[in-house]
Amino acid sequence: MPVPCPGTLIPTDVNSPNGGTITSVDDTPQKSIRIDQNHTEMKLASAAAKAKADATAPLPRVHTSTIPFDTAFVSNRLGNLAEWEWATVSDSSKLYNLLLTWGVDASGRSQSVALSVQDAKTGATREEMVAQMTSQAKRPSTTAEHLGLGWHGPYGQEHADVYFMHQRVGDPVGTDCGPKVLQELILFSHPPPSGQQSTITTLCDRLLSLDTEQPTGQFNVFRWHAKFKYWKKDKACLARTVDSVVLPPAVKSRLMDDVLDFASIETLHWFIKHGIPYKRSYLFFGPPGTGKTSMIQALAGEIGRSICYLSPSHPDMTDDSLKSAVQETPKNAIIVLEDIDSLFGVNRAKSADASQSAITFSGMLNALDGVGMPLGQIFIMTTNHRERLDPALIRSGRVDVHLEFPSASREQMRTLFLNFYPEANGEADAFVEQLSAALEPERAEISMSSLQAFFIRNRKSTSKEAAASTEMILQDLEDRKATEAELKREREERAATAAVKAAKKAAAADSDVE
């Protein structure tokens, strides 16, 4: 047996109950190490056995189904299923609520209904609105009925009847809003004759068309459901005339001329002929309260388009969701992105308001570039600070027309006065002179919203009384300045406090490292 070199570690007493002890051949002091050989061997054997068992064990059974309903139940209702076709609508689909609401209206009465609270519908005319507000002053909300769980129908259609089955699927799951059970709607109908569209598809297409239909004198407002990715109809609003929005004539005429020219058939053919995306983008910029939102609403009523509000800073909004929103916009709509400067700054960094949003700057640019969007789309972005926007966001091609909404000019002051007092030309001139003289020393500016608030407060005053009450406007300006100064001071204090806390936290982290 060869002799080990001095200093080599060899095991002795390996057969002892306590395992082996590693010692040195020479007399050099060494640290003894205990090795439980039996325990190690047992662990290896156990791992090998487990691996062999896992390899031979059958795979877990996965529950699958090719039929989304209880065939026995449905067959009892409809008979031979081979003579029927069906379609499934999940509760995250836009069609889901449309069908449930239509089902109650079409049947007149259903045995099973679900109830919810909704705002009372706005009248289609000013007269209807007044009558509605008078009769429902104590009842601002109404009860809405939708189809409940169960079997519903038949609903007579042009070529065949349609039946609904509203059911729950699976066990409750936890969501941000508490436990929730998946619900779905299954539609049944006889297959159509060869070459004709399915009765179910025809019904769904008609409901989607009705949802975007705009009543005369009104415009629809849609908001993007970022989680389920569809445009949800929010409400129908009474349209206001373009003349009711008091702007500098040059601004208003430039906007209306450009929009009407863009909407013409000749312009459509020109864009298609030259391979240019048929879209138009506008940037409304100027101080708060100068009429940007009012002009958007008036424009929608004037050209008969819906308004689709996008909130890019929503926590559930992503680049893909934004792309889907642009591509799935209802027909004849205006997409509005308000306060676009609150999302990205000049350096393309996200603002604090948009910190929870997953939208990237490149995702925003791609959405505005119009790839895959419907023909004839109109974008309107608004901002109080154009200088804070990155040049890439508002370059030519992404923003076609820049329109400034300035503070009230002398001409706007006079026009607004005459809107409320049509025959008071003399008082209007006196009002303008007196207000302008009061604003001149400090070069102060007044917004159109402040002037409108003044006339609302003086709605019971005569034209002479209103013309002589300009000090009320000046007092409002002083109060607003004081409020803004107080808010600025509070913001600075919060920022300073946050900076101190951050510095202390950093110092504590450095001391822990040391």
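These numbers come from the heavy atoms of this one structure, side chains and all, not from hydrogens, waters or symmetry mates. Since this is a predicted model, take the numbers as computed values, not measurements.
- Under 3.5 Å, the side chains of Ser311 and Ser313 contain no donor-acceptor pair of N or O atoms.
- Proximity of a side-chain donor or acceptor of Thr212 to a complementary backbone N or O of Ser209 within less than 3.5 Å is detected.
- Nearest approach of Leu393 to Met381, heavy atoms of both residues: O-CE, 4.5 Å.
- At least one donor-acceptor pair under 3.5 Å links the side chain of Arg240 to the backbone N or O of Ser244.
- Checked against the 6.0 Å centroid threshold, Phe188 and Trp151 count as a close aromatic pair.
- No hydrogens or angles considered: a donor-acceptor pair under 3.5 Å links the side chains of His146 and Thr101.
- Remark: the backbone N or O of Ser342 is not paired with any side-chain donor or acceptor of Asp339 at under 3.5 angstrom.
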Open item on the list: Using salt bridge (Lys or Arg N to Asp or Glu O under 4.0 Å), reason through Arg223 and Asp234 one step at a time and then give a plain yes or no.
Closed with: CA-CA 6 Å; Arg223 297 189 184 277; Asp234 187 24; 3.1 Å; yes
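- In this structure, Leu147 CG and Glu145 CD are separated by 9.5 Å, a value rounded to the nearest 0.5 Å.
- Counted within 6.0 Å of CD on Gln197, heavy atoms from surrounding residues, nucleotides or ligands total more than 12; the atom is thus considered enclosed.
- Asp341 contributes no side-chain N or O that, together with a main-chain N or O of Arg386, makes up a donor-acceptor pair within less than 3.5 Å.
- Classification of the Tyr163-Trp84 ring pair by plane angle, with boundaries at 30° and 60°, yields perpendicular.
- Contact check for Tyr96 versus Ser90: no side-chain heavy atoms found under the 4.5 Å cut-off.
- Annotation: side chain of Leu368 is not in contact with side chain of Asn366 (no heavy-atom distance under 4.5 Å).
- Remark: side-chain polar atoms of Gln412 are paired, donor with acceptor, to backbone N or O of Val246 under 3.5 angstrom.
- The two atoms that bring Ile200 and Ser189 nearest to each other are CG1-CB, 3.9 Å, heavy atoms only.
- Taking the six-membered ring where tryptophan is involved, the planes of Phe164 and Tyr155 are tilted, since the angle between them lies from 30° to 60°.
- Residues Lys94 and Asn97 fail the side-chain proximity criterion, which asks for heavy atoms closer than 4.5 Å.
- Under the 3.5 Å distance criterion, the side-chain polar atoms of His314 are left unmatched by any main-chain donor or acceptor of Leu310.
- Side chain to side chain, Gln167 and Gln183 fail the donor-acceptor criterion of an N or O pair below 3.5 Å.
- Annotation for Glu411: atom CD does not count as buried by contact number, only 12 or fewer foreign heavy atoms lying within 6.0 Å.
- Other residues, nucleotides and ligands contribute at most 12 non-hydrogen atoms within 6.0 Å of the CG atom of Asp171.
- The ring of Tyr278 has its center no closer than 6.0 angstrom to the ring center of Trp270.
- At distances below 3.5 Å, not a single donor-acceptor pair connects side-chain atoms of His274 with backbone N or O atoms of Ile276.
- Listed by first then second residue, pairs satisfying salt bridge (Lys or Arg N to Asp or Glu O under 4.0 Å) with a partner in residues 413-422 read Arg414-Asp429, not counting sequence neighbours.
- Taking the six-membered ring for Trp and the full ring otherwise, the centers of Trp231 and His225 sit at least 6.0 Å from each other.
- Annotation for Val245 and Ser294: closest pair CG2-O, 3.8 Å, computed over non-hydrogen atoms.
- When ring centroids are compared, Trp224 and Tyr230 stay outside the 6.0 Å threshold.
- More than 12 non-hydrogen atoms from other residues, nucleotides or ligands lie less than 6.0 angstrom from CD of Gln196.
- When all heavy atoms of Leu403 and Phe405 are compared, the closest pair comes out as O-CD1, 3.5 Å.
- No side-chain heavy atom of Leu268 sits under 4.5 Å from any side-chain heavy atom of Phe262.
- Annotation for Gln111: atom CD does not count as buried by contact number, only 12 or fewer foreign heavy atoms lying within 6.0 Å.
- Taking the side chain as every heavy atom from C-beta outward, Val162 and Thr199 approach each other to under 4.5 Å.
- Lys229 places no side-chain N or O within donor-acceptor distance of the main-chain N or O of Ser93, the cut-off being under 3.5 Å.
- In the model, Glu302 has no side-chain atom that pairs as donor or acceptor with a side-chain atom of Thr241 under 3.5 Å.
- Judged purely by atom type and a 3.5 angstrom limit, Asp476 has no side-chain atom pairing as donor or acceptor with the backbone of Ser450.
- Arg168 CZ to Glu184 CD: the interatomic distance, rounded to the nearest 0.5 Å, is 13.0 Å.
- Side chains of Gln157 and Arg206: a donor on one and an acceptor on the other come within 3.5 Å.
- Put simply, the side chain of Asp161 never gets that close to the backbone of Pro154: no donor and acceptor are under 3.5 Å apart.
- A donor and an acceptor atom, one from each side chain of Tyr282 and Asp258, are located under 3.5 Å apart.
- For the pair Leu187 and Val89, the minimum side-chain heavy-atom distance is below 4.5 Å.
- For the pair Val104/Leu100, no side-chain contact is recorded, criterion being any heavy-atom separation below 4.5 Å from C-beta on.
- Donor-acceptor pairing under 3.5 Å is recorded for the side chains of Thr329 and Gln377.
- Closest approach of Ser447 to Arg480, counting heavy atoms only: OG-NH1, 4.1 Å.
- Between Phe379 and Ala367, the shortest heavy-atom distance links the atoms CZ-O, 3.9 Å.
- Between Leu365 and Phe344 there is no side-chain heavy-atom pair separated by less than 4.5 Å.
- Within a 6.0 Å sphere centred on CD of Glu484, heavy atoms belonging to other residues, nucleotides or ligands number more than 12.
- In this structure, the ring of Phe454 has its center no less than 6.0 angstrom from the ring center of Phe417.
- Checking Thr318 against Ser321 by side-chain atom types alone, no donor-acceptor pair falls below 3.5 Å.
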